[in-house]
Amino acid sequence: MDLRFIRAFKVRTTPRWIILLLDMLIVMFSFAATVLAGMFSIHTSAGTILVNAFIVFAVYFTVTYISKSYTCVIRLSVIEDLYRIFMAIAFSTIVLFVINAAVQLITSDRLMKYWDILVIGALSFSMMMIERLCIKYLYMRMNSATEGRKRVLVLGTSFNSVFLANALKGEIGGKYLPVGLLSIKTGQDSSEINGFKVYPFNPATMSEEFAKNNIDALIFDAKSNNLMSSGFADYFIKNDIPLLAMNKVAEFEQDKEGEKGISTFIKEVQIEDLLGRDPIVLNNPLVSEHIKGSCVLITGACGSIGSEIVRQVANYGASKIVLFDQAETPMHDISLEMKKEHPRSNIELFMGDVRNRARVEEAFEKFRPRYVFHAAAYKHVPMMEINPSEAILANVMGTRNVADLALKYGVYKFVMISTDKAVNPTNVMGCTKRLAEIYCQSLFFEAQRQGKKTKFITTRFGNVLGSNGSVIPLFRKQIASGGPVTVTHKEIIRYFMTIPEACSLVLEAGCMGSGGEIYIFDMGEPVKIYDLARRMISLAGLKPGVDIKIEEIGLRPGEKLYEELLNDKEKTTATINKKIMIAKVRTYDYKEVCAHLDNIIKLAAAGDVHAMIYAMKEFVPEYKSQHSRFEAIDKEIEGEDKSPMPLMAQPTAE
């Protein structure tokens, strides 16, 4: 049969109504066969038989329709489908028993023999099984053409792996033809499972097996992601074997639209899939209890972190979400997204700059938020080394404005988004975030002393995957343009987490906090950026150093070679969530903090960079510049170099 003819009518699954019709015809056939076999009493009238037929049909139709036993994708279903049919027939039989008994109780005569009801059920079940096997066989016959399909192995020999292989094999117009299963278990005895050859994983011969059997790629499902992210994938990446990831099998089991092919749910593996982050829980009851029905204001709402907080807060049912940002086009974009994805959410768009205290106060006065998530900040380290005054005005003065007004307007909780770069900062950006942390924490203790209820909480985490300006989008762009891929240093390492995970933990920490805490997140294992670049090039089907060059360009101004460990147990306290800890940090007197920040902000506004950086380093003595023109000020403070720093010498931009 011509596959183009089949595709023209989108016959990827048998229409549900046809399956329901066939099932009901089988029930009626079983009833008729029972009648013709003479199992009913020879004294039964034609009218009684018709009444019985109607009752049997009505019961089976109702139970089948309610149980949806006719909705499984027959070409994919095996055990689950048969189980649902059995349960529907068993329940129908019980209902008929009850009806028969009720009639007998009322009229002293029954509609039919109980044995006849059992026979109808048994015949119906047997014939429905045959019906589904025939349909499955026809699909397989119609899909026997393999021309143009990629030959693939499916990872694993579990039920899910065999299910996936069968589903791909039976897909009409599919892109992939599974030719076997790749077993990672030692001592695998079976050489074949359900018609698929089992290939044992042998690092010494695997690449040759792929080449010899013309196998194009390895497919794995979502349940194997932990294995792949643990380093198992590196073998295939290094041997130029493409990897394909399959979304959860449950996503295509029902195939309700009847139009989406299984291949739709298969995608090329991205580096994010291999960095070993755990799945995110987006139905946290603690967060739901706090956020549902509350007005939430989010500064920096159009940024990578802010926009994800907006999405998650919408999922938790906030009564109103105020998006505060100065970026016009991103604000327009996220407003369109929210209208489409969360049409019932009450979204307020409020253009403004956190440095403009009067404008920030307008937002607080108008909306009176219960929760504030402060994500507005300048974050790019080299850019802030070049423009340090702007970093102070946005990250320090801006935070102070929002925090002060949160206290003034009685906000219940204020959550500041900080960074791992605030730990022993080596750059201006990191120090500005540390200053903001110090202010928020000291403000809480001062407010508590005055009997005010606003709780100030800080959250710290490292790099997030795919955020604006981060390394992964940069590498992806460089690879797409043919290279070279640039890394600042061959030994530089960073911690990564996904944006949804970071924001999920921010919401949870903000809701669990009682005020004054600086929460830090478990960032997992560090990743060497050079290795990350090599893996991304290989995942793109190219050879590192051959097809795409990797160039080492040197550390940028203010950049660390190694980020500080955030989860040092000696410097943290555990919480109920093993991924969230409380940092043990020095606390400051509020009046002392205000005096220092007043001076630093005044110097920033006046453009006196030297005096401003000097004041920052005196107040935060752990701030030691690296690969920066401001290292001269460290020497000046230590008394090793009393000469003023030449401010005209600007560092090279990115």
Side-chain angles (χ1 to χ4, degrees), residues 280-300 305-306 308-310 312-313 316 318 369-377 399-400 402-420 422-423 433-462 497 500-523 566-567 569 571-588 590 593:
I280 310 308
V281 177
L282 294 179
N283 59 345
N284 190 313
L286 172 67
V287 179
S288 180
E289 178 187 342
H290 281 255
I291 298 299
K292 189 174 183 179
S294 297
C295 177
V296 180
L297 184 148
I298 300 156
T299 69
I305 296 297
E308 179 61 23
I309 292 177
V310 170
Q312 292 193 22
V313 164
Y316 282 113
R370 179 170 171 80
Y371 288 87
V372 173
F373 291 91
H374 177 52
T399 299
R400 187 175 182 178
V402 181
D404 286 349
L405 291 165
L407 183 62
K408 178 178 177 180
Y409 285 89
V411 167
Y412 176 49
K413 284 191 177 181
F414 172 96
V415 183
M416 176 197 157
I417 314 296
S418 189
T419 170
D420 59 347
V423 183
K433 297 300 276 186
R434 180 65 189 128
L435 289 170
E437 289 181 356
I438 291 169
Y439 182 76
C440 290
Q441 191 177 48
S442 65
L443 179 61
F444 167 72
F445 292 123
E446 176 65 16
Q448 196 176 43
R449 189 181 64 79
Q450 295 176 8
K452 297 182 178 179
K453 303 298 184 183
T454 301
K455 304 177 190 303
F456 290 88
I457 297 151
T458 297
T459 60
R460 281 182 189 165
F461 51 89
M497 69 185 348
E501 182 182 17
C503 294
S504 175
L505 294 174
V506 165
L507 290 176
E508 184 175 355
C511 291
M512 75 164 62
S514 56
E517 303 97 340
I518 295 180
Y519 286 104
I520 60 177
F521 302 156
D522 178 7
M523 298 294 297
L566 298 184
N567 54 356
K569 292 181 180 178
K571 299 177 183 177
T572 62
T573 303
T575 70
I576 56 173
N577 186 329
K578 65 180 182 180
K579 286 194 169 188
I580 302 176
M581 294 148 284
I582 301 173
K584 298 175 184 176
V585 296
R586 171 189 168 187
T587 57
Y588 290 76
Y590 175 71
V593 172

Checklist entry - Does some side-chain heavy atom of T399 sit less than 4.5 Å from a side-chain heavy atom of H374? => result yes

Checklist entry - Do E437 and Q441 meet the criterion of a side-chain donor-acceptor pair at a distance under 3.5 Å? => result no

Checklist entry - If only atom types and distance count, is the side chain of K408 paired as donor or acceptor with the main-chain N or O of A403 below 3.5 Å? => result no

Checklist entry - Has the side chain of T454 got a donor or acceptor atom that lies under 3.5 Å from a matching backbone atom of G410? => result no

Checklist entry - Roughly how far apart are R434 CZ and T419 OG1, rounded to 0.5 Å? => result 12.5 Å

Checklist entry - Could you give the distance from CD1 (I582) to OG1 (T575), rounded to the nearest 0.5 Å? => result 6.5 Å

Next on the checklist: To the nearest 0.5 Å, what is the distance between CG on N284 and OG on S504?
Outcome noted: 6.5 Å

Item to check | Flag side-chain contact, heavy atom, 4.5 Å: M512 against I576 | outcome: yes

Next on the checklist: Please report the interatomic distance CD1(I291) to CD(Q312), rounded to the nearest 0.5 Å.
Outcome noted: 10.5 Å

Item to check | Where G515 and K455 come nearest, the two heavy atoms and their spacing | outcome: CA-CB, 4.0 Å

Next on the checklist: ring-ring contact (aromatic ring centres under 6.0 Å, His included), that's the test. Do Y590 and F445 meet it? Break it down for me.
Outcome noted: CA-CA 8 Å; Y590 175 71; F445 292 123; over 10 Å; no

Checklist entry - Between E446 and F444, is there a donor-acceptor pair closer than 3.5 Å when you use the side chain of the first and the backbone of the second? => result no

Checklist entry - Taking it one step at a time, do K579 and E501 satisfy salt bridge (charged side-chain N to carboxylate O under 4.0 Å, His left out)? => result CA-CA 10 Å; K579 286 194 169 188; E501 182 182 17; 2.7 Å; yes

Checklist entry - Does a side-chain heavy-atom distance below 4.5 Å link I309 with I417? => result yes

Checklist entry - Would you call I305 and C503 a side-chain contact if the rule is heavy atoms closer than 4.5 Å? => result yes

Checklist entry - When you look at F373 and L507, which way does the side chain to side chain contact (heavy atoms under 4.5 Å, CB included) test go after all the steps? => result CA-CA 9 Å; F373 291 91; L507 290 176; 3.4 Å; yes

Item to check | Residue pair D404 / Y439, side-chain donor-acceptor N/O under 3.5 Å | outcome: yes

Next on the checklist: I want to check something: taking the side chain as every heavy atom from C-beta on, are R460 and I518 in contact at a cut-off of under 4.5 Å?
Outcome noted: yes

Checklist outcome for this item: Heavy atoms of A509 and I457 approach each other most closely as O-CG2, 4.2 Å

Checklist entry - Which pair of non-hydrogen atoms, one from C440 and one from M416, has the smallest distance, and what is that distance? => result SG-SD, 4.0 Å

Checklist entry - Angle class for the F521/F461 ring planes (parallel below 30°, perpendicular above 60°, tilted otherwise)? => result parallel

Checklist outcome for this item: Residues G306 and I298: closest non-hydrogen pair is O-CG2, 3.9 Å

Next on the checklist: Does V372 form a side chain to side chain contact (heavy atoms under 4.5 Å, CB included) with V415? I'd like the steps, not just the answer.
Outcome noted: CA-CA 6 Å; V372 173; V415 183; over 6 Å; no

Next on the checklist: Evaluate Y371 against H290 for side chain to side chain contact (heavy atoms under 4.5 Å, CB included), listing each step before the verdict.
Outcome noted: CA-CA 9 Å; Y371 288 87; H290 281 255; 2.6 Å; yes

Checklist entry - Within the distance-only criterion (no hydrogens, no angle test), does the side chain of K413 pair as donor or acceptor with the backbone N or O of G513 below 3.5 angstrom? => result yes

Checklist entry - Between A447 and L407, what is the shortest heavy-atom contact and its length? => result CB-CD1, 3.6 Å

Next on the checklist: Side chains of K292 and V287, heavy atoms from C-beta outward: is any pair under 4.5 Å?
Outcome noted: no

Item to check | Side-chain (S442) to main-chain (I438) donor-acceptor, under 3.5 angstrom | outcome: yes

Checklist outcome for this item: Looking only at heavy atoms, the pair that brings T299 and A376 closest together is OG1-N, 3.2 Å

Item to check | Minimum side-chain heavy-atom gap Q448-K452 below 4.5 Å | outcome: no

Checklist entry - Within the distance-only criterion (no hydrogens, no angle test), does the side chain of S294 pair as donor or acceptor with the backbone N or O of V296 below 3.5 angstrom? => result no

Checklist entry - Do K584 and T572 touch side chain to side chain, with heavy atoms closer than 4.5 Å? => result no

